[in-house]
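Scroll down for the structure; my scribbles are underneath it.
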Amino acid sequence: MTNAPVNNGLFAPFRLGPLDLQNRLVMAPLTRNRAGADGVPQPIMATYYAQRASAGLIIAEATTPNAVGQTYPNIPAIHRPEHVTGWRQVTDAVRAAGGRMFLQLQHGGRIGHPDNSGLMPVAPSPVALPDTIHTPAGRRPSVVPREMTAGDIRSTIADFAQAARNAVAAGFAGVEVHAANGLLLHQFLAQNTNRRTDAYGGSVANRVRFVAETARAVADAIGPERVGLRISPANTVNGIDEGDTHRIYPALLDAVGDIGPAYLHVELADPDDALYRQLRDDWSGVLMANPDLMRRSPTLPADGGRSAGERLLASGADLISLGRAFIANPDLVERLRAGAPLNPLREQYSMYVGGETGYTDYPALGAAGDLRRPVLAVTGG
């Protein structure tokens with residue numbers, strides 16, 4: 001299928017804090033498990049991200065700010081000097097290709113395993129993930145995490161702040177604090193994973209405290225214009241049940257609004273959803289929207305999410321992040337602008353397999369100036 005070329009806001013430049021973005025299309029953070037076992041980014045990751053540098057902004061994959069925050073095997077980290085050096089090779093390659101790059105900071109909380117990190121996971125409360133978890137030896141039963149002490153909370157916030165400094169030292173333009181998808185910060189927000197009775201549990205004001213304090217510490221460390229915050233309201237992934245979604249997120253926006261972060265990144269965004277519209281109205285800053293494509297179809301839409309992105313822009317979003325379409329199409333921006341066909345996604349190579357297949361071997365369009373040339377699909381084998 002070939003889509004008709006269009007000229008609309010997706011391809012217009014945008015000013016994000018001190019950054020001039022060449023378009024409003026953002027490559028969403030996407031876990032790909034291509035780092036070393038020690039969390040050091042590998043050279044293949046520099047190739048992968050540089051291939052996608054035509055995105056207005058790349059948000060690099062979820063990266064752990066400390067050892068205990070590791071989720072799965074071969075997840076990149078940013079808490080040791082060798083991590084900074086490895087990421088510097090990536091950011092240098094993207095910068096040379098004309099791109100802009102943030103790094104997503106992610107602590108797994110209860111989504112972790114001693115076989116992956118060598119440590120017992122920590123979480124708001126000792127509530128296990130209701131699923132198995134991937135380890136180097138295959139799927140293993142989840143473990144009951146250790147409840148974080150007040151000291152653990154303070155040190156984790158400090159680790160996020162130091163990770164942000166490390167990211168800037170590694171050449172990133174900023175960082176995204178990950179408070180979505182059932183990870184540690186989201187676990188503090190949700191009633192079923194946060195059963196604390198101290199200042200970080202119970203009321204909505206208490207449950208948003210850890211996220212707000214983390215975002216503030218990161219902003220204090222590197223400047224608010226370098227900081228984004230990602231949320232996924234009502235997302236039940238990884239066994240999360242928020243319980244009072246429509247109270248949590250307005251309170252969270254109130255708690256972080258005076259920090260003045262560079263953007264708010266809303267996952268599973270739907271312009272027909274009342275809460276999304278409320279968040280757009282309540283948030284005075286830049287709003288990045290990640291369209292809810294999976295809810296409508298498990299397969300990647302033929303237009304890669306372009307029409308959904310256009311609807312979100314029309315409803316007031318400022319930037320549009322896409323995930324799977326950027327995995328399969330390193331030159332996604334050029335394809336969407338030209339109305340060219342998209343490569344099919346080879347889902348079986350997305351995670352845990354390592355190597356170039358399904359990572360750096362997706363083909364770009366034909367020779368420059370020949371955007372109508374058919375693109376041969378690459379099949380998995």
Side-chain angles (χ1 to χ4, degrees), residues 62-72 75 77 79 104-114 116-133 141-164 176-218 229-256 259 267:
T63 299
T64 182
N66 58 23
V68 74
Q70 181 178 349
T71 51
Y72 310 112
I75 294 293
H79 54 86
Q104 187 183 71
L105 302 180
Q106 170 193 276
H107 189 301
R110 70 175 184 168
I111 304 173
H113 197 280
N116 294 338
S117 67
L119 300 167
M120 182 61 66
V122 297
S125 302
V127 181
L129 177 73
D131 197 359
T132 58
I133 190 164
S142 298
V143 299
V144 177
R146 178 174 63 80
E147 180 170 302
M148 295 173 72
T149 66
D152 291 328
I153 289 174
R154 289 192 297 271
S155 65
T156 300
I157 292 172
D159 288 342
F160 268 90
Q162 184 57 50
E176 177 177 279
V177 176
H178 194 356
N181 293 356
L183 284 306
L184 179 67
L185 275 68
H186 200 182
Q187 292 161 29
F188 269 89
L189 296 177
Q191 287 183 344
N192 75 318
T193 47
N194 185 346
R195 301 178 184 177
R196 304 177 71 93
T197 58
D198 63 2
Y200 292 91
S203 68
V204 167
N206 284 355
R207 281 184 282 128
V208 304
R209 188 185 309 275
F210 180 69
V211 178
E213 290 183 356
T214 301
R216 190 175 301 277
V218 171
L229 176 66
R230 192 181 210 200
I231 59 174
S232 57
N235 190 353
T236 60
V237 68
N238 290 316
I240 284 290
D241 182 2
E242 294 168 343
D244 48 5
T245 299
H246 286 76
R247 297 177 60 215
I248 292 170
Y249 290 96
L252 178 60
L253 265 57
D254 284 343
V256 302
I259 298 172
E267 190 179 354

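For this chain, numbers begin at 1 and follow the sequence in order.
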Requested in this report: With rounding to the nearest 0.5 Å, note down the distance linking CG in Leu129 to CD1 in Ile111.
Outcome: 5.5 Å
Report task. Could you pull out all residues at least two apart from Arg195 that satisfy salt bridge (charged side-chain N to carboxylate O under 4.0 Å, His left out)? Result -> none
Report task. Could you tell me which non-hydrogen atom of Tyr72 sits nearest to which non-hydrogen atom of Asn116, and how far apart they are? Result -> CA-ND2, 3.8 Å
**Report entry** Test side chain to side chain donor-acceptor pair (under 3.5 Å) applied to Glu176 - qualifying residues, sequence neighbours left out
**Finding:** Gln104, Tyr263, His265
Report summary line: In short, Val208 meets Ala255 closest at the heavy-atom pair CG2-CB, 4.3 Å
Report task. Verify, without hydrogens or angle tests, whether Ser232 (side chain) and Asn181 (backbone) share a donor-acceptor contact under 3.5 angstrom. Result -> yes
Query - Set of side chain to side chain contact (heavy atoms under 4.5 Å, CB included) partners for Glu213, sequence neighbours left out - result: Ile157, Tyr200, Arg209
Report summary line: Residue set satisfying ring pair (Phe, Tyr, Trp, His ring centres under 6.0 Å) with Phe188, at least two apart, ordered chain then number -> Phe210
Requested in this report: Report the residues that fulfil side chain to side chain contact (heavy atoms under 4.5 Å, CB included) with Ala190, sequence neighbours left out, ordered by chain and then residue number.
Outcome: Asn192, Thr193, Ile240, Glu242
Query raised in the report: In terms of the angle between their ring planes, are Tyr249 and His186 parallel, tilted or perpendicular, with boundaries placed at 30° and 60°?
Result: perpendicular
Query - Flag side-chain contact, heavy atom, 4.5 Å: Glu267 against Ile231 - result: no
Requested in this report: Please report the closest heavy-atom contact between Thr71 and Gly108, naming both atoms and the distance.
Outcome: CG2-CA, 3.5 Å
Query raised in the report: Gln162: what forms a side chain to side chain donor-acceptor pair (under 3.5 Å) with it, not counting sequence neighbours?
Result: Arg165, Asn166
Requested in this report: Carefully, step by step, assess Leu229 and Val211 under the rule side-chain contact (heavy atoms from CB on, under 4.5 Å).
Outcome: CA-CA 9 Å; Leu229 176 66; Val211 178; 4.1 Å; yes
Query raised in the report: Between OG of Ser155 and CG of Asn66, what distance do you get to the nearest 0.5 Å?
Result: 7.5 Å
Report summary line: Residue pairs meeting side chain to side chain donor-acceptor pair (under 3.5 Å), one or both in residues 118-133, sequence neighbours left out, come to Thr132-Arg139
Report task. Enumerate the residue pairs fulfilling salt bridge (charged side-chain N to carboxylate O under 4.0 Å, His left out) with a member in residues 142-157, sequence neighbours excluded, ordered by first and then second residue. Result -> Arg146-Asp152
Report task. Return yes if a side-chain donor-acceptor contact under 3.5 Å exists between Asn194 and Gln187, otherwise no. Result -> no
**Report entry** Closest heavy-atom pair and its distance - Gly112, Ile133
**Finding:** N-CD1, 3.4 Å
Query raised in the report: Which residue pairs pass the salt bridge (charged side-chain N to carboxylate O under 4.0 Å, His left out) test with at least one member in residues 184-194, sequence neighbours excluded?
Result: none
Report summary line: Taken in chain and number order and not counting sequence neighbours, the residues that satisfy side chain to side chain contact (heavy atoms under 4.5 Å, CB included) with Ala164 are Leu105, Val175, Val218, Ile222
Query - All side chain to side chain contact (heavy atoms under 4.5 Å, CB included) counterparts of Ala67, not counting sequence neighbours - result: His79, Leu119
Requested in this report: Go through Leu252 and Val256 one step at a time and tell me if the side-chain contact (heavy atoms from CB on, under 4.5 Å) criterion holds.
Outcome: CA-CA 6 Å; Leu252 178 60; Val256 302; 4.1 Å; yes
Requested in this report: Heavy atoms only: give me the nearest Arg110-Pro145 pair and the separation to one decimal.
Outcome: CB-CG, 3.7 Å
**Report entry** Option from Asp244, Thr245, Asp241 for which side chain to side chain donor-acceptor pair (under 3.5 Å) with Gln191 holds
**Finding:** Asp244
Query raised in the report: Which heavy atom of Pro130 sits nearest a heavy atom of Gly239, and at what distance?
Result: CG-CA, 4.0 Å
**Report entry** side-chain contact (heavy atoms from CB on, under 4.5 Å) between Val177 and Arg230, worked out
**Finding:** CA-CA 6 Å; Val177 176; Arg230 192 181 210 200; over 6 Å; no
Query raised in the report: Side-chain contact, heavy-atom cut-off 4.5 Å: Val68 with Pro121?
Result: no
Requested in this report: For residues His178 and Leu185, determine if any side-chain heavy atom of one lies less than 4.5 Å from a side-chain heavy atom of the other.
Outcome: no
**Report entry** His107 and Leu183: CA distance, side-chain angles, deciding distance, side-chain contact (heavy atoms from CB on, under 4.5 Å) verdict
**Finding:** CA-CA 6 Å; His107 189 301; Leu183 284 306; over 6 Å; no
**Report entry** For Asp198, salt bridge (charged side-chain N to carboxylate O under 4.0 Å, His left out) partners two or more places apart
**Finding:** Arg196
